[in-house]
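Here the structure comes first, spelled out in structure tokens, and everything after it is commentary.
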Amino acid sequence: MERIFAILLLFISSTLLGQIDSKKYYDESIKLTDSKEYQQALTSINSALLSDSLNRSYLLQKIKILFFINKCNDAMNNLDLIIEHVDATIQDDIMANFCDINDCLGKQEEATRLLEKYIIHKQFQSNEMILYLAIRLCNNKKYDEGISYYKQYIKLKPDDIYAIIDFSRIIYAYQGSENGINEIKNSLQNNPNNLELLNCLVAFYNYNKDNEKAIEVQNQIIQLNYTVENIKLRAVLFSQIGKQDKEYEDLNRIIEIDKCNIEYYSKILQYEFDNKMYEKVVENSFKVIECNKDFEHSILDGLYTSLFFLNEPIKGELYLDKKIALNPTTFNPYYLKSTILLKNNQLENVMKYLDLCLKASDLESSNLINVSFLKLSYYLLSEDYEGFKNYFNSVQVKSLDTNLNFTFSESEENNKSDFTIDFDKNTGIINSTLIIPTKILKLLMSTYGLKIK
């Protein structure tokens, strides 16, 4: 008797150990599947099945892996094994796997037809199977049937917001935007502050280009959930209807929350510069630098230009020189540096910067005229009249008096040309003028043979 008891105890112990090991392999297989290591996951679940070959959960895990690696016939064989030897009653998980595997085998319509019979005969345990059928029918472009099952499901599960949204999108696409919008509105009567439904309604209005209504709904969303993402969307909507001032207000709201977001600071600075808000440009540029000095290079152009417009030339030159130290490939910094040097009568490096202007990646034909004007100014200011004549002839300038950048002085006391810059804050225009004494003009014509109309 003692021996029989010992053998029985040994049998129970080995069985329990086998179950513990198989559970370990099963858990390991799930983790490997989640990380998409399917071959290792299949090896682990096969190890679990060695000691528990008809475990329903283990077989379903194996079916899942086989489906993922596209071994659909093997997956169906294992599903048949469950139905024949484990659980003859078709349950929701078996039906769902049956449909997925048949899709893989190219038998999608057959699977959908059997699923519909399963629903009609009320064999399902979960209402989600009705939704599953509705989705399949719509994916197969059987919209009328799919919509019918969507309605049936939503009637049973009126709180399934995501199903309502998917259903509304199908109605929007299949039955027209007005019907889709009405579906969302009807659902909002029962869930007036549901953010998912409100977001869907905004998307519908936006897609219809009815951005005024979209903004009204977005205002409600922001009242319920004051976040960067929600404010950002309203800013985009304002931009789409040309309300840049409202977009600017929202960008500032974003910065109040996300204080060092360079993307939004850049948009703010661009708006301020375009609208000649130079004080704000300077203020916000320094905030950007305070947030992260690495961003300084991206805002230098607006900063130094604004400082010049605000009549702060020393600071302006400081940040202009910082920009030039970065070896930019653009036209404006070199052009502005040249004009500043001419104004200060610091002529040594003028031609170097003007040559860099001509190598700029954004050089336009109109820029060539401006560069020519500065080169002519350089020759007159340096009193290189021979150089002036040669360059004047090379660029085929015929007249000076029609060019607003040149003015003439009749004063007998004035023997030298003068260069001035006017940073017009009100217009946002930089006006450069070369004042030429008439006596120098006469000298050019009489002594150097220059022909000027």
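Sequential numbering from 1 along the given sequence is applied to the chain's residues. Note that the coordinates shown come from a computational prediction; the quantities given were computed from them, not determined experimentally.
We find that Lys213 and Glu216 are not joined by a salt bridge, their nearest charged nitrogen and carboxylate oxygen being 4.0 Å or further apart. Taking 4.0 Å as the cut-off between side-chain N and carboxylate O, Arg136 and Asp103 count as a salt-bridged pair. By the 4.0 Å N-to-carboxylate-O rule, Glu247 lies too far from Lys243 to be salt-bridged with it. Salt bridge Lys232/Glu229: present, at least one basic N to carboxylate O contact under 4.0 Å. A salt bridge does not link Glu116 with Arg113: every distance from a Lys NZ or Arg NE/NH1/NH2 to an Asp or Glu carboxylate oxygen is 4.0 Å or more. A salt bridge links Lys425 with Glu279: the closest approach of a Lys/Arg side-chain nitrogen to an acidic carboxylate oxygen falls below 4.0 angstrom. Lys352 and Asp355 are not joined by a salt bridge, as no carboxylate oxygen comes within less than 4.0 angstrom of a charged side-chain nitrogen.
In Ile120, the CD1 atom is crowded: over 12 heavy atoms of neighbouring residues, nucleotides or ligands sit closer than 6.0 Å. With a 6.0 Å radius and a threshold of 12 heavy atoms from other residues, nucleotides or ligands, Glu290 has its CD atom at or below the threshold. The neighbour count for Glu178 CD, taken as heavy atoms of other residues, nucleotides or ligands under 6.0 Å away, does not exceed 12.
Nearest approach of Tyr248 to Glu272, heavy atoms of both residues: OH-OE2, 2.5 Å. Across Tyr278 and Gly428, no two heavy atoms sit closer than the pair OH-CA, 3.3 Å. Minimum interatomic distance between Asn230 and Asn225 (heavy atoms only, all atoms of both residues): ND2-O, 2.9 Å. Nearest heavy-atom pair across Ile324 and Pro333 is CD1-O, 3.9 Å. Nearest heavy-atom pair, Leu59 versus Asn78, reported as atom, atom and distance to 0.1 Å: CD2-OD1, 3.7 Å. What you find for Glu37 and Ser35 is that their closest heavy atoms are OE2-OG, 2.7 Å.
Using modelled atom types, one finds no donor on one side chain facing an acceptor on the other under 3.5 Å when comparing Tyr271 with Asn252. Side-chain atoms of Tyr58 and Ser29 include no donor-acceptor pair closer than 3.5 Å. For the residue pair Asn194 and Asn191, no side-chain donor N or O sits within less than 3.5 Å of a side-chain acceptor on the partner.
The aromatic rings of Tyr207 and Tyr172 sit perpendicular, their planes meeting at an angle over 60°, well past the 30° parallel limit. Phe308 and Phe423 have parallel rings, their planes meeting at less than 30° on a 0 to 90° scale where 60° marks the start of perpendicular.
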Q: Quick one: do Asp166 and Arg169 satisfy salt bridge (charged side-chain N to carboxylate O under 4.0 Å, His left out)? Show the steps, please.
A: CA-CA 5 Å; Asp166 286 341; Arg169 286 171 177 160; 3.6 Å; yes

Q.
For Lys23 and Asp52: C-alpha separation, side-chain torsions, deciding distance, then whether salt bridge (charged side-chain N to carboxylate O under 4.0 Å, His left out) applies.
A. CA-CA 9 Å; Lys23 179 65 166 58; Asp52 199 353; over 6 Å; no

Q: Check the pair Leu66, Cys72 against side-chain contact (heavy atoms from CB on, under 4.5 Å), reporting the backbone distance first and the verdict last.
A: CA-CA 6 Å; Leu66 291 169; Cys72 301; over 6 Å; no

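Note that CZ of Arg234 is 13.5 Å distant from CG of Asn211, once rounded to the nearest 0.5 Å. Atom CD of residue Gln152 and atom CG of residue Leu131 lie 11.0 Å apart, to the nearest 0.5 angstrom. The distance from atom CG of Leu303 to atom CD1 of Ile289, rounded to the nearest 0.5 Å, is 5.5 Å. Rounded to the nearest 0.5 Å, atoms OG (Ser266) and CD1 (Ile262) are 4.0 Å apart. Rounded to the nearest 0.5 angstrom, Tyr265 OH and Ile254 CD1 are separated by 12.0 Å.
Not counting sequence neighbours, Tyr26 has no partner by the side-chain hydrogen bond (donor to acceptor under 3.5 Å, both in side chains) test. For Arg253, the side-chain hydrogen bond (donor to acceptor under 3.5 Å, both in side chains) partners two or more places apart in sequence, or in a different chain, are Asp250.
No option in Gln61, Gln40, Lys64 other than Gln61 meets the side chain to side chain donor-acceptor pair (under 3.5 Å) test with Thr33.
Annotation: Tyr319 is not in aromatic contact with Tyr304 [ring centroid separation under 6.0 Å not met].
Every pair passing salt bridge (Lys or Arg N to Asp or Glu O under 4.0 Å) that includes a residue from residues 300-311 is listed here, sequence neighbours excluded: Asp301-Lys323. Pairs of residues two or more places apart, or lying in two chains, that qualify as disulfide (SG to SG under 2.5 Å) and include a residue from residues 177-266 are Cys260-Cys291. Under the ring pair (Phe, Tyr, Trp, His ring centres under 6.0 Å) criterion, the residue pairs touching residues 173-197 are Tyr143-Tyr174, with sequence neighbours excluded.
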Using atom types as modelled, flag every donor-acceptor pair under 3.5 Å from a side chain in residues 122-129 to any protein atom, sequence neighbours excluded.
unit_1, atom_1, unit_2, atom_2, d
Gln125, OE1, Asp92, N, 2.9
Gln125, NE2, Gln123, O, 2.9
Ser126, OG, Glu128, N, 3.2
Ser126, OG, Glu128, OE1, 2.5
Glu128, OE2, Tyr153, OH, 3.3
Glu128, OE2, Lys157, NZ, 2.9

